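So the structure is just underneath, and the comments pick up after that.
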Amino acid sequence: MSTSKADALALIRVVPDFPNPGITFKDVTPMLKDAEAFATVVEEIASYSESYDLVAGIEARGFILAAAVAGYAGKGFVPIRKSGKLPYLTHSETYGLEYGIDTLEIHQDAVLAGERVLLLDDVLATGGTLKAASKLIQRCGGTIDAVAVLLEIPGLGGKAKFNKEFPNIAVHTVFPE
Ligand code: AMP
């Protein structure tokens, strides 16, 4: 038996004023705890493209999705991490996000020239995080096959901002508005 997307969406908890006043935080942990809901999401994301070699996830919740999709699809996993966490040579991108500024890094050899990457995160807000992660993959020489998120924060125009900079990369949303 599998869970419908509507039932999976209903498990995502909305937490007002976290981590800062005015931010409506989308907490995916109850959905991840439900094995069938998690499986529904993983299968859907894995189907967005068939031509990827690697699944990249953005620290921290993107790791959970990307590792699960990579395992399901039989692909390798690439971590895109916050500054100072990766031990080897890195590429680095600093960017603005809905509640602050951050830096993301990738190992320089994590994606080889020509490798195709499915890039995942949990939530798309302003789009800064996904843009920075996409630039990191491209700086390695990789190609972004597609991007996927569970949810978009309405009213921030994140998808449009991303597509302005990356017009040829499809952004899939598991739970569109
Ligand atoms: P942005 O760069 O503005 O698109 O922000 C997206 C990143 O911040 C993702 O890694 C999300 O996990 C996190 N994020 C931003 N806003 C929210 C929110 N309202 N609820 C949950 N996560 C969020």
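The structure presented is a predicted model; accordingly, all values stated were derived computationally and were not measured. Side chains are part of it too, since the values below use all heavy atoms of this structure and drop only hydrogens, waters and symmetry mates. As the structure lists them, so they are numbered: ligands from 1, and atoms in each ligand from 1.
Across every non-hydrogen atom of A56 and I137, the tightest pair is CB-CD1, 4.2 Å. Closest approach of M31 and A8 over heavy atoms only: CG-O, 3.4 Å.
A salt bridge does not link K131 to E93: none of the charged nitrogens lies less than 4.0 Å from a carboxylate oxygen.
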TODO: List the steps, then state whether side-chain contact (heavy atoms from CB on, under 4.5 Å) holds for I153 with K26.
DONE: CA-CA 9 Å; I153 304 297; K26 307 287 188 172; 3.9 Å; yes
TODO: Kindly indicate, with the supporting measurements, whether the criterion side-chain contact (heavy atoms from CB on, under 4.5 Å) is fulfilled by L130 and I58.
DONE: CA-CA 8 Å; L130 281 178; I58 302 169; 3.7 Å; yes
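Set against the non-hydrogen atoms of T129, the atoms of ligand 1 under 4.0 Å away are 1 (P), 2 (O), 5 (O), 6 (C), 7 (C). Every atom of ligand 1 is numbered from 1 in the order shown, and the set under 4.0 Å from a heavy atom of I153 is 18 (C), 19 (N). Residue-ligand proximity, D121 to ligand 1, at heavy-atom distances under 4.0 Å covers atoms 9 (C), 10 (O). Ligand-side atoms of ligand 1 in range of R61: 11 (C), 12 (O), 13 (C), 22 (N), range being under 4.0 angstrom from any heavy atom. Per-residue contacts place T126 under 4.0 angstrom from the following atoms of ligand 1 (heavy atoms of the residue considered): 1 (P), 2 (O), 3 (O), 4 (O).
In terms of polar-atom proximity, A125 is counted as a contact of ligand 1, with an N or O under 3.5 Å from an N or O of the ligand. Residue K26 has at least one nitrogen or oxygen atom sitting less than 3.5 Å from a nitrogen or oxygen atom of ligand 1, judged on distance alone.
No heavy atom of I58 sits closer than 4.0 Å to any atom of ligand 1. Judged by the shortest distance from any of its heavy atoms, G158 lies outside the 4.0 Å radius around the atoms of ligand 1.
Rounding to the nearest 0.5 Å places OG of S92 at 10.5 Å from CD of Q108.
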Give the table of side-chain donor-acceptor pairs shorter than 3.5 Å for residues 62-87, with sequence neighbours excluded, one pair per line with atom names and distance.
{"from": "K75", "atom 1": "NZ", "to": "Y52", "atom 2": "O", "distance (Å)": "3.1"}
{"from": "R81", "atom 1": "NE", "to": "E59", "atom 2": "OE1", "distance (Å)": "3.1"}
{"from": "R81", "atom 1": "NH2", "to": "E59", "atom 2": "OE2", "distance (Å)": "3.1"}

